[in-house]
Amino acid sequence: MAAEWPEDAIVEPNQGQVETPLAPAPTRPRDLWSLRDLLLFVIFTVAAMVGANLLALGGYALLRSLLDWKTASHRLYDNTFFLVALQTLFHGLVFAYIFLLVVVNYRQPFWEALRWRPLSPRAAWNSLAGGVLLALVVVAFPPILPHAQDYPLQRLFTSPQAAYVIGGFAIFVAPFMEELIFRGVLFRF
């Protein structure tokens with residue numbers, strides 16, 4: 001219901017209203033990833049692959065006698081636990097590089113700079129349903145596909161413990177790092 005004013009009343013603009021100063025516009029994180037950053041990321045990733053191998057082999061050599069491990073050094077790349085540890089070490093080095101680049105070099109909050117949005121309940125449900133559907137498809141397809149005698153990945157499932165370690169890595173570490181590298185770095189570039 002509109003307020004009624006007498007016809008002869010003069011209403012001054014903004015009379016009786018308190019002017020509120022405009023709030024500053026929210027600052028959006030500056031775009032990251034110049035061509036130089038991408039080149040340095042690629043160089044660091046290659047160096048991290050070599051470094052992770054050297055660190056893992058050195059760590060194994062140090063711990064081998066202390067923990068009485070029996071695996072010979074030349075057989076380590078057939079050992080599921082060593083490979084998962086090596087891959088986790090590599091991903092840790094890459095994560096540290098990206099984190100330091102954003103926080104130290106660009107002086108921005110890490111999660112805000114990546115611009116990741118929280119997962120909505122609907123998206124979470126769709127992802128879960130999609131995963132279940134994909135698992136059912138994977139179970140249904142082997143009878144249709146030609147039978148292979150030996151898959152390289154199959155050699156890593158040497159025990160139930162190895163299967164759990166690979167499963168844990170595949171659920172918790174690999175997807176996070178894939179999203180960080182692709183959506184956080186490469187797609188942003």
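Here the structure is a predicted model, which means the values were calculated and not measured. One is the number of the first residue; the rest follow in order along the sequence.
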According to a hydrophobic-cluster definition based on side-chain heavy atoms being under 4.5 Å apart (Ile, Leu, Val, Met, Phe, Trp, Tyr only), do [X] and [Y] belong together?
{"X": "Phe187", "Y": "Leu38", "result": "yes"}
{"X": "Ile171", "Y": "Leu136", "result": "no"}
{"X": "Val185", "Y": "Val42", "result": "no"}
{"X": "Tyr106", "Y": "Trp111", "result": "yes"}
{"X": "Val132", "Y": "Leu119", "result": "no"}

### Message
In this structure, is the centre-to-centre distance between the rings of Tyr164 and Phe157 below 6.0 Å?
### Response
no
Atom pair [atom1] ([X]) and [atom2] ([Y]), whose distance is rounded to the nearest 0.5 Å:
{"X": "Leu40", "Y": "Thr45", "atom1": "CG", "atom2": "OG1", "result": "10.5 Å"}
{"X": "Phe90", "Y": "Met177", "atom1": "CZ", "atom2": "CE", "result": "7.5 Å"}
{"X": "Asp37", "Y": "Ile98", "atom1": "CG", "atom2": "CD1", "result": "11.0 Å"}
{"X": "Leu57", "Y": "Leu86", "atom1": "CG", "atom2": "CG", "result": "7.5 Å"}
{"X": "Asn126", "Y": "Ser120", "atom1": "CG", "atom2": "OG", "result": "7.5 Å"}
{"X": "Phe44", "Y": "Leu100", "atom1": "CZ", "atom2": "CG", "result": "8.5 Å"}

### Message
Tell me whether Asn53 contacts the main-chain N or O of Met49 through its side chain, where contact means a donor paired with an acceptor under 3.5 Å.
### Response
yes
### Message
Between Thr71 and Leu76 (side chain of the first, backbone of the second, donor and acceptor by atom type, cut-off under 3.5 Å), is there such a pair?
### Response
no
Restricting to non-hydrogen atoms, name the atom on [X] and the atom on [Y] that form the minimum distance, rounded to 0.1 Å.
{"X": "Ala113", "Y": "Gln108", "value": "CB-OE1, 3.4 Å"}
{"X": "Ala52", "Y": "Leu89", "value": "O-CD2, 3.5 Å"}
{"X": "Ala48", "Y": "Leu93", "value": "O-CD1, 3.9 Å"}

### Task
Decide whether Asn79 and Tyr60 meet the rule of one side-chain donor and one side-chain acceptor closer than 3.5 Å.
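The criterion, which ignores hydrogens and geometry beyond distance, is not satisfied for Tyr60 and Asn79.
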### CH2 (Trp69) with more than 12 external heavy atoms under 6.0 Å
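Counting other residues, nucleotides and ligands, CH2 of Trp69 exceeds 12 neighbours.
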### Query
Does atom CZ of Phe182 have more than 12 heavy-atom neighbours from other groups under 6.0 Å away?
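No, because the 6.0 Å sphere around CZ of Phe182 holds 12 heavy atoms or fewer from other groups.
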### Task
Look at the aromatic rings of His91 and Phe169 and report parallel, tilted or perpendicular, splitting at 30° and 60°.
parallel
### Query
Should Leu101 and Phe41 count as side-chain neighbours, where that means a heavy-atom distance under 4.5 Å?
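Sidechains of Phe41 and Leu101: no contact.
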